[in-house]
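Here the structure comes first, spelled out in structure tokens, and everything after it is commentary.
Nothing fancy with the numbering, it's 1 onward along the sequence.
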Amino acid sequence: MALQLALTTLESLAEMLNERKRECEQAAAFREKLRAVGGKIGKSEGTRMLLREDDVQRLEFNSAGQISRTKGRRLLLLNDRVVCVTVTGRPSETDVGNNNQMERLSLKWSAHVSEVEVVEGTSTGTLARLTSANTLTNPKKTSLGKTNSTANSTSNSVDKQMAENLAQDMGDLMHDFDVVSRINSMIGTLKCSYPGLTSDSMAGIMDQIQKSIRQKDDEMSWLDKSCLQLVVKRKDKAEPLTFQMRSPAVKQDWVVELRLARLALDPNNSPGWDILEHTKSITGRLPLYVKHLSCYHSETKNTEIVNGTSYTLLVPTPTRTLRPVTYVWANATDGISSHIKIYSVQVNQQIALKDLGTTVLSSCCARSIVYVPGTSGGVAQSNSDNPLRTDLVWIATDDRRILLYAASDPEKGFEVGRIVLPVDPSCQIYHCGKVFVGLVNGSVSVFRRDHTVNWDLNNPQNIVLGSDPITCLIPISGALYASTGRKILMLDAWSNSVVRSFTANLEENPASTFQGSMA
């Protein structure tokens, strides 16, 4: 036993030393990289760390809004600053084995993370508007800009050619669609009939062009989402900058890292976590405080948030695309009534909750709120004929009821149905296409869909597990755990039968009470 303990101690010590060695090597390499930057990037009050570095293309636009040229850049995101550099002396593919050729970094600009803002939801610097005006009216092969004589690298020309081709192809397709539409409208004026020149053939060509336009629009949208648009505050003015990143996912990761770096420097996060010296080798990220907001305030009674739920739906936009929207339901109660606040999550510079409205339960309290997905695969829909097929939010109350609300457009507070239970519910979960509701009499009611794919609210299956209230339901793969009193039971989620059960041991004090709970 002593030998095993010594071996474990040595393994832990070796792991800690290797981790410290890795951190020191990373810090030394980063300091060497900063020394290679020609220029000062400002002082740091604490330890400066490199969060990520990305090779990007800076896009410059002319007065007509077209791309005039592109420049290769590298963005270094530190824990306190954003640094933009140019890279020279990169080893070529033929010099892979030559380690003497080192990259040289030249500083272009540096700014504190609080001075860098990400521009969201704008078409500035993207391709979306380049298919108007010049592209449609110019019959010649239009260009988004002439390449600068000094910017002749392969990557620059490839990115530039891609943007030119997308904008030109879209312009050509829109021009052709307009021409074919005019031809189709003039066919009806022909005096004679001609093989192949019919309205049906023109309609088929127009459908084919429309499909090509939608495909090009998707490609342009992907390229636009890869554009990182920043506003950098410098002294008394703000300078807009646009960078083309490798993909929309890389851009989103960069924005998240910037937001986390700004939160980490917030004074509210400075004393938030006290880590002992010998545990500082932990590499996991610590939670960061963002902000707080009041869900519900009562002048006469104390209220608290006791439960809630969140879910994401794909909401159709005017352009027929699907945009993910996350909703949050929070239940604030004073013990007599419940005020269920509904928010939508907005992610820009930081996560924000937009208040959509409040559903008030004046005569009861909500004991559990659970999101139950519909049959549309996560796409928001309003089906007035079959509302029990859509996405729903089930609210179990302390007056023996379950209220069903539409999860789509939750600000409308549309109730699609309700269930009356024999006793008060205590908890509920959605698992394996069913809703399991724990009751205070020690039984579980299981609701499922009928042959019409609607929820059968009148004929649940009842499973008796004990006489004490069901305090918790935990889903696992193909089954779930339920706790009642001192018993913990495992239920098969498909057959609703008890697979196994065991009893928790009593405390040594015989007068103490025990109630199972799982988190």
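- In this structure, the side chain of T484 engages the main chain of D468 through a donor-acceptor pair within 3.5 Å.
- Rounding to the nearest 0.5 Å gives a distance of 5.0 Å between CG of L77 and CG of L51.
- Atom CD1 in I402 sits 12.5 Å away from atom CD1 in I369 (nearest 0.5 Å).
- Using a 4.5 Å cut-off on side-chain heavy atoms (C-beta onward), C295 and Y343 make contact.
- For D398 (side chain) and C365 (main-chain N/O), a donor-acceptor pair under 3.5 Å exists by modelled atom type.
- Formation of a donor-acceptor pair under 3.5 Å by the R367 side chain with backbone atoms of P425 is found in this model.
- Judged by distance alone, with hydrogens and angles left aside, the side-chain atoms of D355 form a donor-acceptor pair with the main-chain N or O of G357 at under 3.5 Å.
- Looking only at side-chain heavy atoms (C-beta outward), V116 and V118 stay at 4.5 Å or farther from each other.
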Q: Just do the side chain to side chain donor-acceptor pair (under 3.5 Å) check on D200 and T198 with the steps written out, would you?
A: CA-CA 5 Å; D200 292 339; T198 63; 5.2 Å; no

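- A donor-acceptor contact shorter than 3.5 Å is absent between the side chain of E415 and the backbone of L403.
- To the nearest 0.5 Å, atom CG of residue D409 and atom CG of residue D391 are 11.5 Å apart.
- Judged purely by distance below 3.5 Å, without hydrogens or angles, the side chains of D399 and T397 pair a donor atom with an acceptor atom.
- Judged purely by atom type and a 3.5 angstrom limit, N331 uses its side chain to pair as donor or acceptor with the backbone of A366.
- Side-chain atoms of K341 and T358 include a donor-acceptor pair closer than 3.5 Å.
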Q: In sequence, state the C-alpha distance, the side-chain angles, and the governing distance for E304 and V306, and then conclude on side chain to side chain contact (heavy atoms under 4.5 Å, CB included).
A: CA-CA 6 Å; E304 62 175 343; V306 294; 3.7 Å; yes

Q.
Working note: S501 + K487, criterion side chain to side chain contact (heavy atoms under 4.5 Å, CB included); need CA distance, chi angles, decisive distance, verdict.
A. CA-CA 7 Å; S501 66; K487 292 196 302 181; 5.7 Å; no

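- When side chains are defined from C-beta on, S337 does not count as touching V360, because their heavy atoms never get closer than 4.5 Å.
- The neighbour count for Q208 CD, taken as heavy atoms of other residues, nucleotides or ligands under 6.0 Å away, does not exceed 12.
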Q: Kindly determine whether R448 and N496 satisfy side chain to side chain contact (heavy atoms under 4.5 Å, CB included), including the steps that lead there.
A: CA-CA 12 Å; R448 65 183 72 194; N496 301 331; 3.0 Å; yes

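- Distance alone, capped at 3.5 Å, is enough to place a donor-acceptor pair between the S426 side chain and the G438 backbone.
- Other residues, nucleotides and ligands place more than 12 heavy atoms under 6.0 Å from the CD atom of E115.
- In this structure, R182 pairs ionically with D178, as a charged nitrogen and a carboxylate oxygen lie closer than 4.0 Å.
- No donor-acceptor distance shorter than 3.5 angstrom exists from the side chain of E257 to the backbone of R52, with no hydrogens or angles considered.
- Of all non-hydrogen atoms in I470 and C427, the two that sit nearest each other are O-SG, 3.7 Å.
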Q: For side chain to side chain donor-acceptor pair (under 3.5 Å), just list the numbers for T312 and T326, CA-CA rounded to whole Å, side-chain angles, deciding distance to a tenth of an Å, and then say yes or no.
A: CA-CA 4 Å; T312 301; T326 300; 2.8 Å; yes

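- The side-chain heavy atoms of P316 and L322, taken from C-beta on, include a pair separated by under 4.5 Å.
- Ring planes of Y430 and W455: perpendicular class, angle over 60° (limits at 30 and 60°).
- Other residues, nucleotides and ligands place more than 12 heavy atoms under 6.0 Å from the CG atom of D207.
- Contact record, I488 with Y481: CG2-CD2, 4.2 Å, taken as the closest heavy-atom pair.
- Between V370 and T309 there is no side-chain heavy-atom pair separated by less than 4.5 Å.
- To the nearest 0.5 Å, atoms OG (S12) and CG (L7) are separated by 9.5 Å.
- Formation of a donor-acceptor pair under 3.5 Å by the D176 side chain with backbone atoms of V179 is not found in this model.
- The side-chain heavy atoms of M202 and I205, taken from C-beta on, include a pair separated by under 4.5 Å.
- Side chain of K434 to main chain of W494: a donor-acceptor pair is present (N/O by atom type, distance under 3.5 Å, no hydrogens or angles).
- Side-chain contact between W254 and F243 is absent, with no heavy atoms from C-beta onward closer than 4.5 Å.
- In the model, Q381 has no side-chain atom that pairs as donor or acceptor with a side-chain atom of R389 under 3.5 Å.
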